[in-house]
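To start, the structure itself, in structure tokens.
All residue numbers in this chain count up from 1 along the given sequence.
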Amino acid sequence: MGDLQGKVALVTGASRGIGQAIARELANAGASLLLAARGEEACRALADEIGASADACYLDVADYDSVKAAVGAAISRFGRLDILINNAGVNDPIGLVGNADPAGWARCIEINLIGVHNMVHASLPMMRASGEGVIVNISSGAAFLALEGWSAYCASKAGVAMLTASIAEELSGEGIRVYGLQPGTVETAMQQKIRAAGYSPVAQMQPADHLPAEVPARAVAFLCSDGGKRFNGRELRVSDKDLCDAMAAS
């Protein structure tokens with residue numbers, strides 16, 4: 001996998017699941033890390049596990065002041081910011097449109113979509129100053145397939161996919177790469193909520209049917225490396241043949 005020595009990454013939603021796995025992969029590739037989530041205690045435990053190259057902080061991606069503080073903490077601690085992993089997300093509320101709590105529905109959009117914008121907006125000045133950077137937005141197949149009971153999540157992820165495309169268009173030629181990565185169905189705490197709610201075919205899947213979090217984490221680390229440059233600007237699935245072939249050859 002690609003060498004990320006000397007690079008600094010900020011991973012949102014790093015307290016568990018895919019975010020935690022991404023943090024470990026990036027650390028294994030040599031990156032220094034700021035691990036950020038509302039679950040600050042879990043992030044700090046992971047930072048302690050990784051060692052001196054990692055630190056942690058509280059982050060609510062829907063709160064721009066919190067976002068600015070996290071980006072500032074990464075730069076203060078490590079002197080730069082090269083990689084932004086927008087992984088933080090929720091799937092609540094799960095339920096039919098007519099029954100969903102409007103405030104909860106709006107909160108999903110705030111975290112999953114506005115949160116990505118907030119992180120990119122706050123990180124761009126440092127990346128532009130250095131003339132390079134990598135942004136990976138964790139996308140979803142739900143961005144392109146409507147699912148019963150998932151209106152908030154599907155709408156938010158569809159917005160992220162278009163935001164990724166817009167960012168790629170705007171940053172073309174600036175040396176800053178951006179990707180959307182669909183991780184597939186991964187066995188995390190989110191899947192437990194989905195099974196409990198019972199909506200959509202995904203709720204019928206069993207734990208063994210899902211990918212381990214390490215699979216998308218390895219793809220993220222690859223995209224952050226030089227090997228990922230050929231995929232700049234693309235919305236990718238972890239199962240895409242050209243991505244899998246490139247990773248196998250690296």
Side-chain angles (χ1 to χ4, degrees), residues 4-27 29-90 107 109-138 156 160 163-164 166-168 170-171 174-181 217 220-221 223-225:
L4 299 178
Q5 291 286 343
K7 302 298 185 182
V8 175
L10 194 165
V11 182
T12 74
S15 60
R16 58 186 180 180
I18 294 173
Q20 191 175 84
I22 290 171
R24 290 194 173 102
E25 286 291 334
L26 295 179
S32 297
L33 302 167
L34 183 70
L35 311 176
R38 287 180 291 172
E40 182 181 359
E41 185 175 340
C43 286
R44 292 208 173 275
L46 180 58
D48 289 343
E49 173 193 317
I50 291 171
S53 63
D55 205 346
C57 73
Y58 174 84
L59 171 64
D60 178 354
V61 295
D63 178 352
Y64 193 65
D65 286 339
S66 179
V67 167
K68 288 192 296 183
V71 170
I75 296 170
S76 176
R77 172 69 171 79
F78 299 109
R80 56 189 296 144
L81 179 60
D82 306 284
I83 297 167
L84 171 64
I85 310 298
N86 282 312
N87 168 73
V90 297
R107 179 65 174 165
I109 301 298
E110 288 176 347
I111 294 171
N112 292 3
L113 176 55
I114 296 174
V116 172
H117 169 268
N118 287 346
M119 293 302 307
V120 172
H121 187 275
S123 301
L124 273 179
M126 183 70 227
M127 291 183 177
R128 280 179 160 146
S130 63
E132 62 180 1
V134 178
I135 299 166
V136 181
N137 297 329
I138 300 303
S156 67
V160 170
L163 178 57
T164 300
S166 298
I167 295 167
E170 291 182 11
L171 298 183
E174 292 196 40
I176 301 170
R177 294 182 274 145
V178 60
Y179 310 90
L181 180 70
V220 168
L223 292 174
C224 292
S225 73

Inter-residue atom distance Phe78.CZ - Ser53.OG, 0.5 Å rounding: 7.0 Å
Exercise: identify the closest heavy-atom pair between Leu46 and Ala14: CD2-O, 3.6 Å
Non-hydrogen atoms of Leu4 and Cys224 that approach each other most closely: CD2-O, 3.5 Å
Ser123 to Val71 - nearest heavy-atom pair and separation: OG-CG2, 3.7 Å
Val178 and its side-chain contact (heavy atoms from CB on, under 4.5 Å) partner, picked from Leu84, Ile167, Val120, Val134: Ile167
Heavy-atom pair of closest approach, residues Arg177 and Leu223: NH1-O, 2.9 Å
CA sep, side-chain torsions, deciding dist, call: Val136, Ile22, side chain to side chain contact (heavy atoms under 4.5 Å, CB included): CA-CA 11 Å; Val136 181; Ile22 290 171; over 6 Å; no
Heavy-atom pair with the smallest gap, counting every atom of Ala27 and Leu33: CB-CD1, 3.7 Å
For Ala73 against Leu34, the heavy-atom pair lying closest together: CB-CD2, 4.1 Å
Any donor-acceptor N/O pair, Thr12 side chain to Ala88 backbone, under 3.5 Å: yes
Reported CG-to-CD1 distance for the pair Leu124 and Ile176, which is rounded to 0.5 angstrom: 5.5 Å
Full working for side chain to side chain contact (heavy atoms under 4.5 Å, CB included) between Val61 and Val116: CA-CA 7 Å; Val61 295; Val116 172; over 6 Å; no
Ser76 side chain to Gly72 backbone, donor-acceptor under 3.5 Å: no
Side-chain ion pair, Arg107 and Glu110, N-O less than 4.0 Å: yes
Nearest-0.5 Å distance, CG of residue Asp48 to CG of residue Asp55: 9.0 Å
Residues which pass side-chain hydrogen bond (donor to acceptor under 3.5 Å, both in side chains) with Asn87, listed by chain and number, not counting sequence neighbours: none
Arg44 side chain to Ala56 backbone, donor-acceptor under 3.5 Å: yes
Tyr179 side, atom OH; Asn137 side, atom CG - distance, nearest 0.5 Å: 12.0 Å
Qualifying ring pair (Phe, Tyr, Trp, His ring centres under 6.0 Å) pairs with a residue from residues 110-132, counting only residues at least two apart or across chains: Tyr64-His121, His117-His121
Pairwise distance CG(Asn86) to CG(Leu10) - rounded to 0.5 angstrom: 8.5 Å
Glu49 atom CD, over 12 foreign heavy atoms within 6.0 Å: yes
Main-chain N/O of Met127 paired to Ser130 side chain as donor or acceptor, under 3.5 Å: yes
Interatomic spacing from CZ in Arg38 to CD1 in Ile111 - rounded to 0.5 Å: 4.0 Å
Gln20 side chain vs Ser15 backbone, donor-acceptor pair below 3.5 Å: yes
